[in-house]
Every structure is written in structure tokens, then in C-alpha cells.
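Report on the structure given below.
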Amino acid sequence: MSATFPQLLAAEIAAVQRFVALLGEEQRVLSSGQVDVLAGIIEAKGKLVEELTSLGQQRHECLVELGVAENGEAVERWLQGQQNPRLLQGWKALQGLAREAKSLNEMNGQCIALLARNNKQLLDAITGQQARGTFYGPDGQTASGPGFRISDSV
């Protein structure tokens, strides 16, 4: 085992805290409509997910090596027997952070779904108008239909 359980726990808590902060930033960006910023956030989220996956795997291997079943109750019982209350507090903090991350991620997913639905409705409205010849064509210019033309000349 290359890292001890306390080291892995501290690293995982720090990574999940960064992930929660990033999800909060994503939420602010989504609600403000700054979609151009999302690419950087998505890239950072991907890297953090890789780090979290690696840390989770290392934690799993560490617990297996220690003979601890990896479920919340078994880990909690084992931690109570370690006579180090900070470890148990850290474990509970990690679980709380994981719940917060899950909740934020679900809310962000709902926000993205709503934005996608609104964009689709907007595109449907525009293309529906275009079919009748009264809105904008693919080149961004007004399409002229029978008896309809917008003129910019004065």
C-alpha cells in the first residue's frame, strides 16, 4: 500500500471540495448564460473526475488490504475502533461532500436540460417562421415571402 488511509482520506476530501466548488461555479455560469466559459469548466471537471476515480480506487485497495468491507457501515465501525476521532469526522465529512456534489451535479444537469429545451423551442420557432417565409434564412438575412420584405433603406 503506497498511501495510508488517513492520507487517502485527506486527499479525497480535498478533491471533492474542489469538485463541489467547480460545480458551484458551473451553476453560476449556467444561470448567468455565459456558455462560452463552460468549455473550461467541463475540461476541469473531467480532470477532477479522473482524480476522484483514482483516489476512490486507491481507497478501495487500501480498505481491502486492511480487511475492511467497503460499505459505509463497515468503514464507520472500523474507524470507530481506530481511536482517532478525526478519521471518523473526516469520513463523515467526505460522505457529506459527496452528497452535496451529487445534488449540485443533478441540479446542473436539470439546468442544462432546461437550457437545451429552451434552445430547441427557440430554434423550432425560428425555423417554423422561416418555413412561412417571414423570418430569417440560413444566412441570417430576412427571408422574403409573398408581400413581405424588411427594408433597411431610408
Point to revise | Evaluation steps, side chain to side chain contact (heavy atoms under 4.5 Å, CB included), between Gln95 and Glu76 | key: CA-CA 11 Å; Gln95 290 175 321; Glu76 205 165 303; 4.2 Å; yes
Point to revise | Residue pair Ser54, Glu50: steps toward the side-chain hydrogen bond (donor to acceptor under 3.5 Å, both in side chains) verdict | key: CA-CA 6 Å; Ser54 173; Glu50 287 177 15; over 6 Å; no
Review point. Could you go step by step and tell me if Gln110 and Asn105 meet the side chain to side chain contact (heavy atoms under 4.5 Å, CB included) rule?
Key: CA-CA 9 Å; Gln110 291 170 357; Asn105 199 46; over 6 Å; no
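Here the closest heavy-atom approach between residue Ala15 and residue Leu52 is recorded as CB-CD2, 3.6 Å. Smallest separation of non-hydrogen atoms from Phe5 and Cys62: N-SG, 3.7 Å. Nearest heavy-atom pair, Leu104 versus Gly24, reported as atom, atom and distance to 0.1 Å: CD1-N, 4.3 Å. In plain terms, the two heavy atoms of Leu55 and Ala11 that are nearest each other are CD1-O, 3.7 Å. The minimum heavy-atom distance between Leu88 and Gln80, with the atom names listed, is CD2-CG, 3.7 Å. Heavy atoms only, all atoms of each residue included: Leu87 and Gln82 are closest at CD1-CB, 4.4 Å.
For the side chain to side chain contact (heavy atoms under 4.5 Å, CB included) with Leu48, the qualifying choice from Leu22, Thr53, Leu23 is Leu22, the only one to do so. Put simply, the residue from Arg59, Gln7, Gln17, Gln58 that forms a side chain to side chain contact (heavy atoms under 4.5 Å, CB included) with Glu12 is Arg59.
Between the CD1 atom in Ile112 and the CE atom in Met107 there is a gap of 12.5 Å [rounded to 0.5 Å]. In this structure, the separation between CZ on Arg77 and CG on Asn71 is 7.0 Å, given to the nearest 0.5 Å. Note that CD of Glu26 and CG of Leu30 are 5.0 Å apart. Values are rounded to the nearest 0.5 Å.
Side-chain contact between Val49 and Phe19 is present, with at least one heavy-atom pair separated by less than 4.5 Å.
Within a 6.0 Å radius of CZ in Arg18, other residues, nucleotides and ligands contribute more than 12 heavy atoms.
Donor-acceptor pairing under 3.5 Å is recorded for the side chains of Gln57 and Glu61. Residues Ser103 and Glu100 have side chains that never bring a donor and an acceptor to within less than 3.5 angstrom of each other.
Under the ring-ring contact (aromatic ring centres under 6.0 Å, His included) criterion, Trp91 pairs with no residue, sequence neighbours left out.
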Acceptor/donor pairs from residues 31-44 side chains to any protein atom, 3.5 angstrom cut, sequence neighbours excluded:
unit_1, atom_1, unit_2, atom_2, d
Ser31, OG, Gln27, O, 3.2
Ser31, OG, Arg28, O, 3.1
Ser32, OG, Arg28, O, 3.1
Ser32, OG, Val29, O, 3.1
Ser32, OG, Gln34, OE1, 3.2
Glu43, OE2, Lys47, NZ, 3.4

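Residue pairs meeting the ring pair (Phe, Tyr, Trp, His ring centres under 6.0 Å) criterion with at least one partner in residues 37-65, sequence neighbours excluded, do not occur; the list is empty.
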